A.B. asks: 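Sharing a structure here in structure tokens format.
The first residue in the sequence is number 1, and the count goes up from there. Quick caveat: nothing in here was measured; it's all calculated off a predicted structure.
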Amino acid sequence: MAATARLRLGPLLRYVDWETGGTATVWVEVDRPCAVEVRCADGAGGSAPTFTVAGHHYALVTVTGLTPGTTTAYEVLLGADRVWPVDGSRFPASTITAPEVPSPGVTVSFGSCRWAAPPLDEHDPIGPDALDTLAARLAADPAAARPDVLLLLGDQVYADETSKATRAWIAGRRDLSEPPGPDVADYEEYTRLYYESWLDPEVRWLLSTVPSCMIFDDHDLIDDWNTSESWRAEMRALPWWEERVLGGLMSYWVHQHLGNLSPAALAADPVFTAVRTSPDGTGALREFAARADADPAFTRWSYRRDFGRTRLLMVDTRAARVLDEQHRSMLDAHEARWVRDQALDAPGTYDHLLIGTSLPWLLPPLIHDAESWNAALSRGERGPRWARFGEKVRRRADLEHWAAFPDSFEALTRLIAEAGTGEGAPATVCVLSGDVHHAYVAEPDWRGAGEPDSRVLQLTCSPVHNSIPRSIQWGFRFGWSRTGRRLGHLLARHGRTGRPSVHWDRTGGPWFGNHLMTLSLRGRSATLRLDQARAEEDGVRLVTADARELTASRTPARSERE
């Protein structure tokens with residue numbers, strides 16, 4: 001008799017269709033080839049055979065027949081055996097909510113940078129996990145309001161900062177004294193990171209019942225991924241790097257990227273077709289990853305989602321980079337055109353434009369000036385000696401945000417102004433970011449020249465579960481100060497960078513801790529809430545640190561109020 005298949009990871013509720021309200025996708029990993037079925041209580045459902053990558057078996061099931069405006073419980077079956085929900089589970093049933101068509105609005109929660117929470121019997125030195133805490137709140141009160149979608153803006157896993165348990169597991173398969181040491185080395189080791197993160201009981205249930213959109217940042221592969229041309233050349237010369245980068249891109253494609261795509265996009269994707277129709281898709285996926293690493297223009301990791309009258313552009317700011325020092329760009333020309341076309345497509349058909357980019361567009365002004373100064377030095381503005389110094393500083397201080405690509409910063413600034421101007425302009429243009437391990441709200445001021453009609457905001461939320469030294473907290477605060485601005489101006493003068501085309505200041509924060517931000521978008525109104533996970537006498541809970549109406553008149557910047 002054939003052995004019974006078992007669920008290894010998931011289910012994850014990923015794509016839910018907001019155009020028809022009738023379809024969704026559910027992702028799983030199982031321990032052997034089989035047919036996977038998702039069966040809903042209201043009769044909707046779907047099934048798919050597994051596909052194989054590097055000895056692992058996955059399925060992405062398209063669920064059809066959902067009724068718009070309703071919520072239905074679902075279960076997962078492998079063959080004839082129900083494997084989800086788990087018998088005796090303490091969590092409510094996993095559900096799929098099909099949005100109303102047309103939708104009255106959308107609620108989006110977002111954040112980035114999540115170390116997997118330690119086991120319950122271990123002390124957590126960085127405080128409670130915001131995702132865990134959100135899951136616990138929703139599980140305790142199934143009728144409570146929940147986000148319509150969860151945006152995870154990078155560093156879902158940390159390939160270069162492995163836990164004690166993961167290091168012990170890696171040590172059981174290779175010598176940690178040999179490079180890359182305790183960092184992950186290949187596809188198999190990347191899968192371990194996803195088990196550690198997504199088998200967390202609270203997070204597993206949350207991802208099974210709240211749809212999610214994801215994009216990578218550097219730690220999903222390696223710290224400072226694609227910082228500079230010389231960084232890339234040095235990494236490619238290392239004997240272990242090829243297996244590391246291919247394993248990282250392959251695992252990201254399987255675990256995160258596929259679920260970002262609609263069923264129609266999946267059906268048209270030649271890589272997905274090759275992988276799922278092959279007895280073993282490893283070779284096809286490995287070839288794809290190699291080409292994607294070699295040529296930023298070969299594939300697109302960015303994508304667009306429309307949630308009723310809210311448009312989301314999730315932008316890849318890692319793999320799409322052009323690193324030639326004389327032509328540095330955050331996005332290659334093909335990718336930049338795509339982002340522009342999507343942002344400007346069909347004006348008047350959306351009320352809110354969300355640009356998801358793991359790296360903030362607007363940083364504390366001193367840090368912005370330091371990064372643009374460093375970019376000028378590194379490209380030789382002050383000669384070869386300063387260029388060598390600039391590269392050392394860039395790597396040591398992680399100077400690689402939009403400001404470190406000055407032409408790209410200005411292009412994004414112009415695009416935001418263009419998208420937010422004229423008849424049919426959205427009520428808000430919000431840049432959603434993470435990476436910098438604190439949260440803040442910043443607003444640009446075009447100084448009256450080309451001021452867009454839309455309210456424009458930089459909304460940064462990080463970390464979900466990580467930490468930041470107090471010395472760096474002080475540095476971020478100083479970066480917003482008047483003294484910090486003056487120091488930044490001196491750096492800009494030395495680097496001959498000129499001044500950016502917009503002025504900005506923070507209108508909220510900085511906040512430090514483990515956070516999630518939530519945007520509620522209804523018609524042309526928008527509200528923002530920042531929740532922090534805190535351990536209090538009555539238990540761990542989400543405490544609202546800030547709440548504001550975004551479509552009211554512009555909040556005075558702190559520099560204007562001081």
Side-chain angles (χ1 to χ4, degrees), residues 2-17 23-41 44-66 72-87 89 91-96 135 150 152 156-157 187-188 190-214 250-263 266-267 269 272 275-282 285:
T4 301
R6 295 182 298 118
L7 187 65
R8 295 188 72 176
L9 192 59
L12 275 73
L13 176 60
R14 295 303 312 275
Y15 184 97
V16 174
D17 184 6
T23 63
T25 63
V26 175
W27 181 98
V28 298
E29 182 188 352
V30 300
D31 69 345
R32 66 199 64 210
C34 66
V36 179
E37 181 183 0
V38 174
R39 187 181 296 170
C40 298
S47 63
T50 56
F51 59 90
T52 300
V53 174
H56 292 257
H57 310 287
Y58 309 95
L60 191 62
V61 179
T62 298
V63 178
T64 60
L66 297 167
T72 181
Y74 74 89
E75 57 186 14
V76 178
L77 295 88
L78 306 182
D81 299 313
R82 193 192 77 171
V83 295
W84 187 268
V86 177
D87 289 340
S89 172
F91 294 99
S94 297
T95 59
I96 302 174
L150 185 65
L152 301 178
Q156 275 67 261
V157 294
Y187 185 89
E188 185 64 29
Y190 276 103
T191 66
R192 177 75 182 190
L193 300 180
Y194 286 101
Y195 293 155
E196 185 175 50
S197 183
W198 290 355
L199 287 177
D200 173 320
E202 282 76 17
V203 168
R204 188 180 195 183
W205 175 78
L206 181 69
L207 293 178
S208 77
T209 200
V210 177
S212 54
C213 298
M214 307 180 186
M250 291 167 66
S251 66
Y252 173 78
W253 185 90
V254 168
H255 293 82
Q256 299 190 48
H257 180 66
L258 285 180
N260 295 328
L261 305 181
S262 69
L266 288 167
D269 188 321
F272 186 56
V275 170
R276 66 185 175 85
T277 58
S278 171
D280 185 343
T282 308
L285 185 55

A.B. asks: With Thr50, which residues qualify under side chain to side chain contact (heavy atoms under 4.5 Å, CB included), at least two apart?
C.D. replies: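 Partners of Thr50 under the side chain to side chain contact (heavy atoms under 4.5 Å, CB included) test: Val30, Pro33, Cys34, Val36, His57, Ala59.
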
A.B. asks: Looking at Ala54, is its backbone amide N or carbonyl O close enough to the side chain of Thr282 to form a donor-acceptor pair, meaning the two atoms are under 3.5 Å apart?
C.D. replies: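 Answer holds: yes.
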
A.B. asks: Output all residues satisfying side-chain hydrogen bond (donor to acceptor under 3.5 Å, both in side chains) with Asp81, sequence neighbours left out; order by chain, then residue number.
C.D. replies: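 Checked Asp81 against side-chain hydrogen bond (donor to acceptor under 3.5 Å, both in side chains); zero matches.
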
A.B. asks: Scan for salt bridge (charged side-chain N to carboxylate O under 4.0 Å, His left out) pairs involving residues 200-214, sequence neighbours excluded, and state none if there are none.
C.D. replies: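 Output for this query lists Arg90-Glu202, Arg114-Asp200.
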
A.B. asks: Once rounded to the nearest 0.5 Å, what's the spacing between atom CZ of Phe272 and atom CG of Leu60?
C.D. replies: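 Between Phe272 CZ and Leu60 CG, I get 5.5 Å after rounding to 0.5 Å.
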
A.B. asks: Could you check whether any side-chain heavy atom of Val61 comes within less than 4.5 Å of a side-chain heavy atom of Val28, counting everything from C-beta outward?
C.D. replies: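 No. Closest side-chain heavy atoms not under 4.5 Å.
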
A.B. asks: How close do Asn260 and Tyr15 get, counting heavy atoms only, and between which atoms?
C.D. replies: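 The answer is O-CD1, 4.0 Å.
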
A.B. asks: Compare every heavy atom of Leu13 with every heavy atom of Ala24, then report the nearest pair and how far apart it is.
C.D. replies: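 Nearest heavy atoms, Ala24 then Leu13: CB-CD1, 4.1 Å.
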
A.B. asks: For Thr95, does its backbone N or O pair with a side-chain atom of Thr209 as donor and acceptor, under 3.5 Å?
C.D. replies: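 Checked: pair present.
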
A.B. asks: With a 4.5 Å limit on heavy-atom distance, are the side chains of Ser212 and Arg14 in contact?
C.D. replies: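 Ser212 vs Arg14: side chains touch.
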
A.B. asks: Which heavy atom of Val16 sits nearest to which heavy atom of Pro211, and what is that distance?
C.D. replies: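 Result for this residue pair: CG2-CG, 3.5 Å.
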
A.B. asks: Roughly how far, to the nearest 0.5 Å, is the OH atom of Tyr252 from the OH atom of Tyr190?
C.D. replies: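 Between Tyr190 OH and Tyr252 OH, I get 13.0 Å after rounding to 0.5 Å.
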
A.B. asks: Is the Trp205 ring parallel, tilted or perpendicular to the Phe91 ring (thresholds 30°, 60°)?
C.D. replies: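 Trp205 and Phe91: parallel rings.
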
A.B. asks: Could you state the interatomic distance from OH (Tyr58) to OG1 (Thr52), rounded to the nearest 0.5 Å?
C.D. replies: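 OG1 of Thr52 is found 9.5 Å from OH of Tyr58.
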
A.B. asks: Quick check for you: to the nearest 0.5 Å, what is the distance between Tyr74 atom OH and Ser208 atom OG?
C.D. replies: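 Result: 4.5 Å between the selected atoms.
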
A.B. asks: Hey, could you give me the CG/CD distance between Leu12 and Gln256, rounded to the nearest 0.5 Å?
C.D. replies: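 Result: 10.0 Å between the selected atoms.
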
A.B. asks: What is the minimum heavy-atom distance between Asp280 and Val53, and which atoms define it?
C.D. replies: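 For Asp280 and Val53, the tightest heavy-atom pair comes out as OD1-CA, 4.5 Å.
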
A.B. asks: Quick one: pull up CZ in Arg276 and CG in Leu258 and give me the separation to the nearest 0.5 Å.
C.D. replies: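 Answer for the CZ-CG pair, Arg276 versus Leu258, is 10.5 Å.
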
A.B. asks: Below 4.5 Å, heavy atoms only, C-beta onward: do Pro263 and Thr25 meet side chain to side chain?
C.D. replies: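 Yes, at least one pair of side-chain atoms sits under 4.5 Å.
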
A.B. asks: Output, in order, the C-alpha distance, side-chain angles, deciding distance and verdict of side-chain contact (heavy atoms from CB on, under 4.5 Å) for His255 and Leu9.
C.D. replies: CA-CA 10 Å; His255 293 82; Leu9 192 59; 4.2 Å; yes

A.B. asks: For the side chain of Asp31 and the backbone of Arg6, is there at least one donor-acceptor N/O pair under 3.5 Å apart?
C.D. replies: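 The answer is yes, because a donor-acceptor pair under 3.5 Å joins these two groups.
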
A.B. asks: Which heavy-atom pair separates Tyr187 from Val254 by the least distance, and what is that distance?
C.D. replies: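 Reported closest heavy-atom pair: OH-CG2, 3.7 Å.
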
A.B. asks: Can you see which heavy atom on Leu66 is nearest to which on Cys40, and at what distance?
C.D. replies: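 Scanning both residues, the minimum pair turns out to be CD2-SG, 4.3 Å.
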
A.B. asks: So do the side chains of Leu193 and Gln156 get within less than 4.5 Å of each other, counting heavy atoms only?
C.D. replies: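 The answer is no, as the side chains (C-beta and beyond) never meet within the 4.5 Å cut-off.
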
A.B. asks: Classify the ring geometry of His56 against Tyr195: parallel below 30°, tilted from 30° to 60°, perpendicular beyond 60°.
C.D. replies: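 Because their plane-to-plane angle lies in the 30° to 60° range, the rings of His56 and Tyr195 count as tilted.
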
A.B. asks: Using atom types as modelled and distance alone, determine if a side-chain donor or acceptor of Ser278 lies under 3.5 Å from a backbone N or O of Val275.
C.D. replies: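 No, the answer is negative, given that no donor and acceptor are paired below the 3.5 Å cut-off.
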
